[in-house]
Amino acid sequence: MKVFLMHPEQDFDPQAQLPEHADDLIRDLELETLLAAMAGGDDYLLTVARAGVLHPLADPAVIRYRQEILADCLRHPDALRALYHLAAEAVAAEKKIWRTFWKSPDIILHRALEVMGVFLGYIRRLRTLTDTYAEMFSAPGLQRFMRMVGEELSDEYLQRVENHLAELSFRRGVLLSARLGRGNKGEDYTLHRYTERSLLQRIASGERRAAGYTFRIPDRDEAGHRALSELRGRGLNVVADALARSADHVLSFFAALRAELGFYLGCVQLAERLASLGCRWSFPDVHQPSARRFHARHLYDVCLALTIGGPVVGNDVDADGKLLVLVTGPNQGGKSTFLRSVGLAQLLMQAGMFVPADALDASVAGGIFTHFKREEDPALRGGKLEEELARMSAIADRVHTGSVVLCNESFSATNEREGSEIAQQVIDAFMDCGVRVFFVTHLYDLARRYSERQDRRVLFLRAERLPDGRRTFRMIVGAPEPTSHAADSYRRIFGL
Amino acid sequence: MTVLKERAAKPSVLFVDPTALAAVDEQPEFFKDLHLDEILDVILAGYEEYGLRPLFYQPLGDVDAVRYRHEVFRDLQDAGIREAVDAFTAALRDMRNAFAMSEKLSYPQQKQRWFLDAALIYCNAVASLARRFSRMPLGSRGLQALADYLQGYVASPAFTRLARDARSVSDALAGVRYAVHIKGSQVRVQRYAGEPEYSAEVTETFARFQQRTGADYRVTFSESAYMDHVEARIADLVAALYPAEFTALVTFTEVHADFLDPVVAAFDRDIHFYLAYLRHVERLTRGGLPFCYPELSTTSKETVVRGGYDLALAMTRDGEPGAIVGNDFSLDGGERVIVVTGPNSGGKTTFARMFGQVHYLASLGLPVPARAARLFLPDRVFTHFEREEQLATLRGKLDDELVRLRDILAHATARSVIVMNESFSSTALRDARYLGAEILRRVLGLDAIGVYVTFVDELASIDGRIVSMVGIVDPRDPARRTYRFERRPADGRAYALAVAAKYGLTYEQLRRRVAS
């Protein structure tokens, strides 16, 4: 039984190790704000949201698969919540059932019987819910899930399971067969169904009871009882294992259901939050990496909106076909915010979620990387530039064609000429490898090199500054200016 | 298994004439000095049960006896023969284990069945070895004699009957299947009557709940050979349910109580003399170290060894590439003694050990650690190595050394090998020179062959029958030892200069360093 709501043919593991650069993404894109909004204060949902957002999908078909399920969930949040809580309850109920470190087939079988008994109740409740919701959902993933539950867990099958659970308590004793092994010790212990029939029945069928001898272990013979229990265990070993595995499997089914629905619940909670703030969102159109699309209308930084608690300035960007988007312009003009909005939209899209924009057309990225300028770290030994280079080198280890790299003031730790030279080497190499780069910079020398080059693969954006010095926080298409308007800041701060 | 008495007329894989040798139980004195005790510890590890150690205390005085062993070694280096022998010895080990179990256990059902197993294993092993040997081109007299013996033995009425009985009793027991019904403290044992199997049905029903490959809940039961009293009770009842099968088992143990053939048993022990040694030969040759079958003589003392090395060192530096350096030496014409000089820690002692080991191992009929060797087969090996002062003797160290040397020279013959290492190193140079020359003259007087390691360079040139060998250093880095020895006149000065250069203290260096 597979849940398969996060992926048409894979399980979703919320505990899976995050990609190596996930910490950088979380830090640079201020992802905790977004994840907290999804989790709504629930630690488990936070884990699930983190795993869902930070394991981006690369296949547009799978992204659409999730988008459709999410759309269903957004339409029927109550049904989603009912299913999620049932799964969570089942997982919690199993935890309450006794457990021991002492392992014998008898003990393993006992616990497994109890767990399966409890699960059987939840399975029946799940059946009731899925029977109710079957017609409501239209996403293929959800439909398949409902169908699977109905077929795999049919009434007839559940009855059969229940019968076995009753029989496995062995009220009439355990029957084993064996052969003579090494040193005439019994081996190949096999469990048999015990069908003791009455004397009359046996006479009627002409069957004779097998010749045999009976003895009894005295009550005070503890060693004898231990030995007998081990013998029983040899016979029960296989069924105890089968049942305990089944209990595990059902548990992991409910756990998977809880995790996968938990992700959608997080998305729904985020949507509800944004709606309450008056922020808009939409499902993006997803394209293959080779299309190199990035075209957005009113793209905004969702974390900023969540932080200030209301709508924020959005940008229209048309970077279709571009390999480099070079963003220049004055301080505090919204460049970093813009860069974050690009990264967040790309991540959310590849998690199968809606994006904070009125519209987005984008190619999936094989990998999403951020390289943001870092504050001086006092513990840093190698110096700031080395630290930057090391991080970039780590990215270079993992980046490949179709990846997206977001750079924020990279290589500004050294002088402009050196920094520009390094940056150009890196950017040119990335572009020629088919890696898309969004590069925010104050390095005028670097910007000038590209603007002189007339490269059609490059888009220049500039943070808008009105003639009176005010910022609109919008990115407009435009060649870099030889100043970052530090004078503005200077004047502002000194009140000139 | 007391078989030694009967061995006389029976074939032996170790000796052409086993009656000619007296068993030696005490480790010879020189073993420690040559590190042969360590070598033996390693070689015999895991073979303790065969009691092979005394065999290594009995050198062969006769070239043909040595050749007899070389033949067996060569046969065992053939993959097919080796495999047949390995299978046989492994089976006999199983047999002994089964037999020991039978002795050890107390419930009769168990004792008898382990005994039967021992017999079965034995029959299969013997029959299989006889069959395989009959089809193989055996080059050694030792294995051929055994093969001939086995042919007769497996065809004998005693063996045929043993094999037939063991098989039929075992087949009958294999057919026994019984059922146990446990309810509370009540146990019923009965013949199995075809009741339907249940585990598979349960497993199949629950198979649907397969999420990922999960934990395995099967409990591993201790597969102890012992029965508890409940099992024993059940076994008794099974025997009562199947009387024919169990009566046959009892009869078997009575009729065949003494089935082991003494020649087979002796072979099983003796062949490990070869297998234990070969295991190390093969391990070291895989690592690139050579072994060879030395060519031996009891008349000519013309000696040639190429690439000889210290086996004890090689065994401890297992697989370390380049850790072991091989050396060549020879004794031509009337040459008898090699005087070894050279830098400290340059491998002089190792060279001396190698000389002794090669000779002694050759006299045991073993392949020796060298690329090629032509050797004189010695009657005895003597060693004189520097010892800790022995307070108990109440003599000074020098006296002690001299006493030991006197004893050696009293027992050594023209056929002996004498290895002396740093004798008199604690005396004044003048005394060491004097005593060393005296001793060397006595050794030469005996016409024995040997090695004399010393720091006294002059001793290398006192007699034409002495060969001078010198430890050489790396010319580019004189502090690095090469552990190589060359045949050339001793010259201690070279080392003093080399060591000085290392510290930049030669005349020229000091002139440049002490700037004007």
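Computed from heavy atoms alone, side chains included, the values below leave out hydrogens, waters and symmetry copies. Sequence lines set the chain letters: A, B, ... in the order given, protein chains first and strands last, and positions in each chain run from 1.
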* Asked: For Arg218(B) and Arg245(A), what are the C-alpha separation, side-chain angles and deciding distance, and is it a side-chain contact (heavy atoms from CB on, under 4.5 Å)?
  -> CA-CA 10 Å; Arg218(B) 274 171 302 178; Arg245(A) 281 176 194 250; 4.1 Å; yes
* To do: Measure the acute angle between the ring planes of Phe170(A) and Tyr198(B), then classify it against the limits of 30° and 60° as parallel, tilted or perpendicular.
  => perpendicular
How long is the span from the [atom1] atom in [X] to the [atom2] atom in [Y], to the nearest 0.5 Å?
X: Leu175(A); Y: Arg188(B); atom1: CG; atom2: CZ; result: 10.5 Å
X: Arg216(A); Y: Lys183(B); atom1: CZ; atom2: NZ; result: 10.0 Å
X: Arg233(B); Y: Phe215(A); atom1: CZ; atom2: CZ; result: 5.5 Å
X: Gln190(B); Y: Ser177(A); atom1: CD; atom2: OG; result: 10.5 Å
X: His181(B); Y: Thr214(A); atom1: NE2; atom2: OG1; result: 10.0 Å
X: Leu180(A); Y: Glu245(B); atom1: CG; atom2: CD; result: 9.0 Å

Using non-hydrogen atoms only, which part of [X] is less than 4.5 Å away from chain A: side chain, backbone, both, or neither?
X: Ala240(B); value: both
X: Leu249(B); value: side chain
X: Ser222(B); value: backbone
X: Glu231(B); value: side chain
X: Phe246(B); value: side chain

I'd like to verify something: which residue of [options] has the highest number of heavy-atom pairs under 4.5 Å with chain B?
options: Glu152(A), His225(A), Lys103(A); value: Glu152(A)
options: Val239(A), Leu176(A), Leu251(A); value: Leu176(A)
options: Glu230(A), Arg171(A), Glu187(A); value: Glu230(A)
options: Ala242(A), Ala227(A), Gly183(A), Pro105(A); value: Gly183(A)
options: Ala178(A), Gly173(A), Ala244(A); value: Ala178(A)

* Between Val250(A) and Phe206(B), does a side-chain contact (heavy atoms from CB on, under 4.5 Å) hold up when you go through it step by step? -> CA-CA 10 Å; Val250(A) 178; Phe206(B) 287 91; over 6 Å; no
* Show the numbers, then the answer: is there a side-chain contact (heavy atoms from CB on, under 4.5 Å) between Tyr217(B) and Leu243(A)? => CA-CA 9 Å; Tyr217(B) 286 92; Leu243(A) 216 64; over 6 Å; no
Crowding at [atom1], [X] (>12 non-hydrogen neighbours, <6.0 Å):
X: Arg182(A); atom1: CZ; value: no
X: Glu49(B); atom1: CD; value: yes
X: Gln17(A); atom1: CD; value: no

Contact origin within [X] toward chain B - heavy atom pairs under 4.5 Å:
X: Leu228(A); answer: both
X: Arg226(A); answer: neither
X: His164(A); answer: both
X: Ile123(A); answer: side chain
X: Ala247(A); answer: neither
X: Ser229(A); answer: neither
X: Asp188(A); answer: neither

Heavy-atom pair count under 4.5 Å with chain A, highest-scoring of [options]:
options: Val230(B), Asp228(B), Thr205(B), Leu237(B); value: Thr205(B)
options: Asp117(B), Ile234(B), Asp216(B); value: Asp216(B)
options: Phe115(B), Tyr226(B), Tyr107(B); value: Tyr226(B)

Can any side-chain N or O of [X] pair as donor or acceptor with the backbone N or O of [Y] at less than 3.5 Å?
X: His249(A); Y: Ala207(B); value: no
X: Asn184(A); Y: Arg113(B); value: no
X: Lys185(A); Y: Glu223(B); value: no

* **Pairwise side-chain contact, Phe221(B) with Asn237(A), heavy-atom cut-off 4.5 Å (strictly under)** => yes
* To do: Report yes if some heavy atom in the side chain of Leu241(B) is under 4.5 Å from a heavy atom in the side chain of Tyr213(A); otherwise report no.
  => yes
* To do: Test Glu201(B) against Arg193(A) for side-chain contact (heavy atoms from CB on, under 4.5 Å), laying out the working first.
  => CA-CA 10 Å; Glu201(B) 197 187 321; Arg193(A) 181 164 255 161; 2.9 Å; yes
